[in-house]
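So the structure is just underneath, and the comments pick up after that.
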Amino acid sequence: MHNLLEFLKKYNYWFLFIVLEIISGTLLFHFNQFQGSVWFTSANEVVARIDRQYADMMAFIRLKQVNKDLTRQNIRLQRQVNELRAALSKANHVPTPTERQVLDSLKGYSLIEARVVSNSILKSENYIVIDKGQDDGVHTEMGVIASGGVVGIVVYAGRHYSMILPTINVKSNISCRIRHSNYFGSLQWDGGSSLYAYLNDVPRYAKIKVGDYVETSGYSTVFPSGIFVGRVVSVDNAPDGLSLQMKVNLSTDFGALSDVCVVVNDERAELESLQLHLMKSGENAQ
Amino acid sequence: MLGNFFRRLFYFVLLLALQVLIFNHVQILGYATPMICLYFILLFPPSASRTVVVAWGFLMGLCQDIFTNTPGMNAAALTLLGLLQPVLYKAFLAKDSDEDESELLPSARVMGWPAFLRYLLVAVLIQQVVFYLLEAFSFFHWQDMLINILGGSLMSLLFIAAIESVRIGGASKQQGRA
């Protein structure tokens with residue numbers, strides 16, 4: 001007994017080592033299950049505030065480039081306005097069916113503007129933190145878009161900051177379709193370059209050309225349909241041989257992301273309660 | 001004893017701030033992020049309790065993980081380094097030193113630069129290999145991992161050696177004045 005106590009006293013650092021490694025391992029493998037784990041991510045208040053200072057500083061340094069981009073965009077938009085005004089004066093004032101369709105697809109959605117405070121593109125599990133949270137109306141499972149297209153989905157909303165699972169995270173999975181053909185598949189990322197992702201599970205008989213546009217399908221309530229995702233770069237057979245796998249050049253530049261919008265679906269609660277109701281009635285019928 | 005603790009805390013905060021605000025944003029062609037936090041672990045004298053070194057290692061790793069969204073990876077790597085540090089230091093310290101070894105703080109002056117760099121290299125390699133192996137657990141790109149480990153080790157070695165030379169340079173000036 002005495003020897004045992006001596007042994008424990010002499011080698012107590014081994015026990016501490018094992019305990020701490022077990023804690024590390026638990027954090028590593030259960031990160032996504034832990035609801036309380038927000039303390040261990042950069043969405044925690046203190047860390048987000050430090051990151052925000054850093055992001056503000058970097059934004060200030062980048063102002064020159066941003067100014068140049070804005071000027072260029074302004075000129076482009078002015079031109080477009082001129083063209084559109086000319087087109088409008090020609091066109092009939094009764095809205096066409098396509099115009100009505102576009103308006104309908106954005107009806108019921110509103111946008112919350114936010115600034116990116118921390119971002120990563122080099123890891124296999126990238127996360128983005130933005131400076132809007134529950135107090136601003138952001139909740140989990142809301143879609144996030146930028147001027148270029150789809151960014152990702154909110155996975156945790158704190159009071160003032162939220163964490164986003166971007167398209168370029170191996171855990172990301174977004175339902176997308178090919179514009180004008182309605183074949184749909186799921187967009188996944190393989191952990192390589194932040195410029196490309198893969199559209200999987202598209203049927204083999206689908207006729208898809210390189211250069212086709214990929215957009216959100218709107219099958220979930222997260223994104224409205226028709227939000228731009230990217231363009232097809234190459235079409236291959238999937239490893240399982242049962243479907244096509246397309247390499248998609250993502251339209252969002254994750255390396256230079258600074259301003260994003262969170263998509264709020266005003267009719268979402270209604271839609272979800274309807275789906276729940278349907279599921280229940282289905283069970284009852286059986 | 002208390003002064004020792006506060007000096008340690010000062011180094012802890014300073015190195016963590018440097019790592020989080022500067023070095024985490026350093027990447028060469030998308031690889032090779034220097035990891036300078038482990039320098040903190042390397043500075044413990046052999047007289048320090050091994051339990052204390054292990055605990056500080058875990059704390060340092062955890063703090064860095066919180067900033068980089070890599071739960072447990074740095075913590076695991078630095079805890080291991082905390083366990084191995086006293087052994088490594090003893091292995092690389094020249095045997096013919098007359099002074100009481102247990103009180104010698106590891107530094108390039110005490111060990112000599114060649115021995116200190118070897119000590120540093122082994123420590124950096126251990127940390128990088130453990131960290132990237134844990135990261136690769138979920139996704140495996142072995143070429144990327146190898147470039148990351150080698151590039152990261154080289155960058156860490158370079159920056160820590162630079163910090164060390166500044167530190168012992170500053171110390172020698174203070175001694176000169178006294």
Side-chain angles (χ1 to χ4, degrees), chain A residues 9-34 37-44 46-48 50-51 53-55 57-58 118-129 155-156 163 165 169-171 189-194 255, chain B residues 16-17 20-22 24-25 27-33 48-87 130-141 143-145 148:
Chain A
K9 212 187 263 176
K10 198 174 171 197
Y11 291 104
N12 62 356
Y13 60 90
W14 272 106
F15 296 105
L16 183 70
F17 170 72
I18 291 162
V19 168
L20 292 180
E21 289 289 0
I22 289 170
I23 293 174
S24 302
T26 318
L27 282 175
L28 180 59
F29 294 110
H30 295 267
F31 177 47
N32 290 295
Q33 285 95 306
F34 267 131
S37 74
V38 66
W39 288 107
F40 295 108
T41 73
S42 54
N44 112 31
V46 180
V47 175
I50 294 172
D51 280 344
Q53 295 286 337
Y54 186 84
M57 197 181 77
M58 291 312 285
S118 88
N119 188 2
S120 71
I121 58 170
L122 298 168
K123 286 175 280 193
S124 55
E125 288 178 20
N126 298 300
Y127 290 97
I128 297 173
V129 178
V155 284
Y156 172 81
M163 194 154 83
L165 182 81
N169 184 312
V170 291
K171 286 179 185 153
W189 189 62
D190 74 330
S193 162
S194 68
Chain B
L16 188 66
V20 167
L21 292 178
I22 300 172
N24 277 347
H25 301 276
Q27 273 127 9
I28 293 180
L29 303 175
Y31 299 103
T33 303
S49 151
R50 297 190 68 167
T51 319
V52 169
V53 185
V54 169
W56 273 110
F58 177 75
L59 204 63
M60 186 56 137
L62 191 68
C63 284
Q64 220 217 311
D65 281 334
I66 291 173
F67 275 94
T68 51
N69 285 332
T70 49
M73 296 184 205
N74 275 306
L78 288 186
T79 311
L80 179 69
L81 194 66
L83 183 79
L84 296 178
Q85 186 263 351
V87 185
V130 173
F131 178 78
Y132 282 110
L133 277 180
L134 284 179
E135 203 197 15
F137 238 109
S138 48
F139 218 80
F140 202 73
H141 277 286
Q143 295 99 329
D144 280 9
M145 192 175 83
N148 262 324

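Throughout, protein chains are lettered first and strands after them, A, B, ... in sequence-line order, and every chain is numbered starting at 1.
Counting heavy-atom pairs closer than 4.5 Å to chain B, the top-ranked of the candidates A:L16, A:I22, A:I121 is A:L16.
Taken from OH in A:Y127 to OG1 in B:T68, the straight-line distance is 12.5 Å, to the nearest 0.5 Å. Summarising the geometry, atom CG belonging to B:L59 is positioned 9.5 Å from atom CG belonging to A:L20; distances are rounded to the nearest 0.5 Å. The distance from atom CG of A:N12 to atom OG1 of B:T51, rounded to the nearest 0.5 Å, is 3.5 Å.
The shortest non-hydrogen separation linking B:A75 to A:S24 is CB-OG, 3.4 Å.
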task = Please lay out, stage by stage, how A:W14 and B:L83 fare under the test side chain to side chain contact (heavy atoms under 4.5 Å, CB included).
result = CA-CA 8 Å; A:W14 272 106; B:L83 183 79; 3.6 Å; yes
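The side-chain contact (heavy atoms from CB on, under 4.5 Å) search around B:L80 returns A:F17, A:E21, B:L84, B:I126, B:V130, not counting sequence neighbours. Legend: residues meeting side-chain contact (heavy atoms from CB on, under 4.5 Å) with B:D144, ordered by chain and number and at least two apart, are B:Y31, B:H141.
The contact between A:L122 and chain B is made entirely by side chain atoms (from C-beta outward), counting heavy-atom distances below 4.5 Å.
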